[in-house]
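Order of the sequence lines fixes the chain letters, A, B, ..., with proteins taken first and strands second; residue numbering starts at 1 for each chain.
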Amino acid sequence: MSIKLDHVNYVYGQGTAYEIHALKDICLELRKGEFVGLIGHTGSGKSTLVQHLNGLVKATEGHIYFHGEDIYGAGYDMRRLRSKVGLVFQYPEHQLFEVDVLSDVCFGPKNQGLSREEAEKKAKEALTMVGLGEEFYYQSPFELSGGQKRRAAIAGVLAMEPEILVLDEPTAGLDPKGRDEILDQISLLHQEKKITIVLVSHSMEDVAKYAERIVVMNQGEVLFDDTPREVFCHYKELEQVGLAAPQVTYIMHALRERGFSVDEDATTIEEARDTILDALRSKEHN
Amino acid sequence: MKNEMVQAHGLVYEYKKYDEEGREADVTRAVDQVTLQVQKGDFVAILGHNGSGKSTLAKHMNAILTPTGGTMWVDGKDTREEAHLWEIRQSAGMVFQNPDNQIIGTIVEEDVGFGPENMGVPTKEIWERVEESLKAVNMLKYRHHSPNKLSGGQKQRVAIAGVVAMHPKCIVLDEPTAMLDPNGRKEVIRAVRALNQVEEITVILITHYMEEVIYADKVVVMDRGKVVMEGTPREIFSRVDKLKAYRLDVPQATLLAYELKKAGVDLPDGILTREELVEALCQLN
């Protein structure tokens with residue numbers, strides 16, 4: 001139960017003067033139930049990569065296996081793949097179009113061939129998952145706040161019951177509370193529904209807080225693929241490729257230099273607090 | 001009012017919605033009785049959740065919107081007087097969230113020259129202005145490049161240079177870093193601070209990134225169209241609970257200091273940067 005990229009290469013404008021080798025020999029397996037953070041500077045190949053996952057972009061070379069089946073094989077059902085791998089683009093609220101929220105969220109399941117009734121049932125479940133209650137069903141999606149629109153758009157993908165949910169910067173432009181609400185909801189979906197999550201983000205703090213595994217892209221290649229703690233150990237290399245570590249990591253390293261026996265690899269506020277408290281306590285005892 | 005770049009007095013703005021017959025169906029008060037002063041040369045940050053009225057307020061600062069009630073003066077001129085419109089738009093420039101929506105030229109230097117050209121600046125001076133503005137945002141070496149080959153942070157700096165070339169007294173930036181990666185954010189904020197400190201341009205920065213606010217002279221917090229907090233970053237960020245109630249956040253170093261204090265560590269109030277936190281913890285030893 002996974003999606004596997006096997007030596008995937010992708011070249012934009014092959015054979016033209018504008019040829020760009022966007023993905024270089026990517027081998028990557030996303031296992032069922034994982035919460036993966038995908039980071040990389042603008043132009044590193046993240047978006048090209050995620051568009052391969054549901055077959056929107058076809059690899060120039062290499063294979064992609066979904067549940068062991070080659071998605072480029074003859075007669076492979078791409079429509080089914082696309083409903084199993086849900087892609088939430090950047091600014092998904094730009095894709096809202098229906099007269100009310102419920103009809104908008106029904107669009108996906110109706111296209112999958114479900115009846116109006118079944119589609120509505122799925123849509124209502126999806127809206128509940130993103131925290132939009134009945135009072136929103138018959139509102140125009142264009143009258144919602146920024147965060148609500150974004151959640152309605154995510155519900156539109158969830159209603160198709162994907163096994164893998166890929167979100168391309170789902171919190172860009174949201175206020176801090178809106179950001180936390182969306183990410184908490186995604187995290188809950190991950191825990192309760194066991195949906196595999198791929199979170200593309202520019203916020204190191206967010207991926208450190210939510211992801212179990214981080215894949216770092218640089219110039220079309222996978223630079224690191226490990227747990228947040230391990231990845232952010234390489235903060236100097238990350239800076240060289242236009243990224244950074246969470247603020248907390250820098251504080252830990254500075255404290256260590258000043259003689260505190262703190263855990264340098266702490267990446268979240270909670271971890272940092274606990275290790276600083278421990279360090280202070282052990283000092284008192286000495 | 002000599003030293004005030006922007007002054008709002010009892011400013012009200014209402015968005016009106018009309019039904020199919022053209023009758024007024026609904027009124028949303030986006031800005032509600034805002035009184036605010038921004039001094040010349042200041043760096044002011046505006047915080048507030050989505051829908052709090054920040055962008056609506058910002059759009060009054062170069063007369064894209066004019067008040068429903070109250071008054072807005074920009075460089076001493078009432079924005080409701082149409083005769084002043086041209087001067088106001090020249091004295092206060094705006095930069096928006098998405099750099100792709102703001103760049104029109106096919107070559108970086110042409111894009112930056114568009115504003116001054118429209119103002120009727122003589123050709124020789126346009127080139128001088130293009131050069132100094134690109135230099136101010138550290139993009140001079142890209143002057144002959146095509147904007148669509150630049151990174152997000154570089155594009156946004158070109159957009160800022162385009163505003164700087166019009167020699168504004170004030171620049172209003174509405175979430176200029178929301179779509180950028182960490183490096184792009186850093187580059188843009190560095191450029192904005194340089195404009196404020198070196199060129200002495202008044203800066204009004206709207207953002208959701210609390211780390212970008214640390215260097216401001218003043219922070220204004222908006223909620224439901226009203227100004228609810230106003231003060232230095234240190235004053236504002238020492239009210240962690242209050243900010244959270246307004247759907248906002250504090251810089252990570254401040255949050256960590258706050259968590260440590262809650263756990264009984266004796267730290268001073270108003271820690272803003274990583275360096276300050278590290279220093280304060282070292283003092284404990």
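- With a 6.0 Å radius and a threshold of 12 heavy atoms from other residues, nucleotides or ligands, B:E20 has its CD atom at or below the threshold.
- Between chain A and the options B:M210, B:K186, B:H208, heavy-atom pairs under 4.5 Å are most frequent for B:H208.
- Contacts between B:L180 and chain A at a heavy-atom distance below 4.5 Å involve the backbone alone (N, CA, C, O).
- Proximity to chain A is absent for every atom of B:K54, based on heavy atoms less than 4.5 angstrom apart.
- Of the atoms belonging to A:E181, it is side-chain heavy atoms, and not backbone ones, that fall under 4.5 Å from chain B.
- Proximity to chain A at a heavy-atom threshold of 4.5 Å picks out B:R247, B:L248, B:D249, B:Q252, B:A253, B:L255, B:L256, B:E259, B:L260, B:A263, B:V265 from residues 243-267 of chain B, in numerical order.
- Annotation: A:K236, atom NZ; neighbour count of heavy atoms from other residues, nucleotides and ligands within 6.0 Å does not exceed 12.
- Note on A:L255, A:T42, A:I269: by heavy-atom pairs under 4.5 Å with chain B, the leading option is A:I269.
- Scanning residues 214-228 of chain A against chain B with a 4.5 Å heavy-atom cutoff picks out nothing at all.
- Contact annotation: the side chain of B:S151 never approaches that of A:H41 to less than 4.5 Å [non-hydrogen atoms, C-beta and beyond].
- Residue B:E275: no heavy atom, backbone or side chain, is found under 4.5 Å from chain A.
- Between the CD atom of A:Q240 and the CG atom of B:N183 there is a distance of 11.0 Å, given to the nearest 0.5 Å.
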Ignoring hydrogens and angles, write down the donor-acceptor pairs under 3.5 Å from the side chains of residues 167-176 of chain A, residues two or more places apart or on other chains.
| unit_1 | atom_1 | unit_2 | atom_2 | d |
| --- | --- | --- | --- | --- |
| A:D168 | OD2 | A:S47 | OG | 3.1 |
| A:E169 | OE2 | A:Q90 | NE2 | 3.3 |
| A:E169 | OE2 | A:H202 | NE2 | 3.3 |
| A:D175 | OD1 | A:K177 | N | 3.2 |
| A:D175 | OD1 | A:G178 | N | 2.7 |
| A:D175 | OD2 | B:N50 | N | 2.6 |

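- The 12-atom threshold is exceeded at CD of B:E24, counting heavy atoms of other residues, nucleotides or ligands nearer than 6.0 Å.
- Using a 4.5 Å cut-off between heavy atoms, A:E143 contacts chain B through its side chain alone, with no backbone atom that close.
- Identified by a heavy-atom distance below 4.5 Å to chain A, contributing residues of residues 223-237 of chain B are lacking entirely.
- Residue contact with chain B, scored on non-hydrogen atoms closer than 4.5 Å, involves the side chain of A:E205 exclusively.
- Environment of CG in A:D180: crowded, with over 12 heavy atoms of neighbouring residues, nucleotides or ligands closer than 6.0 Å.
- Interface residue B:K17: only side-chain heavy atoms are found under 4.5 Å from chain A.
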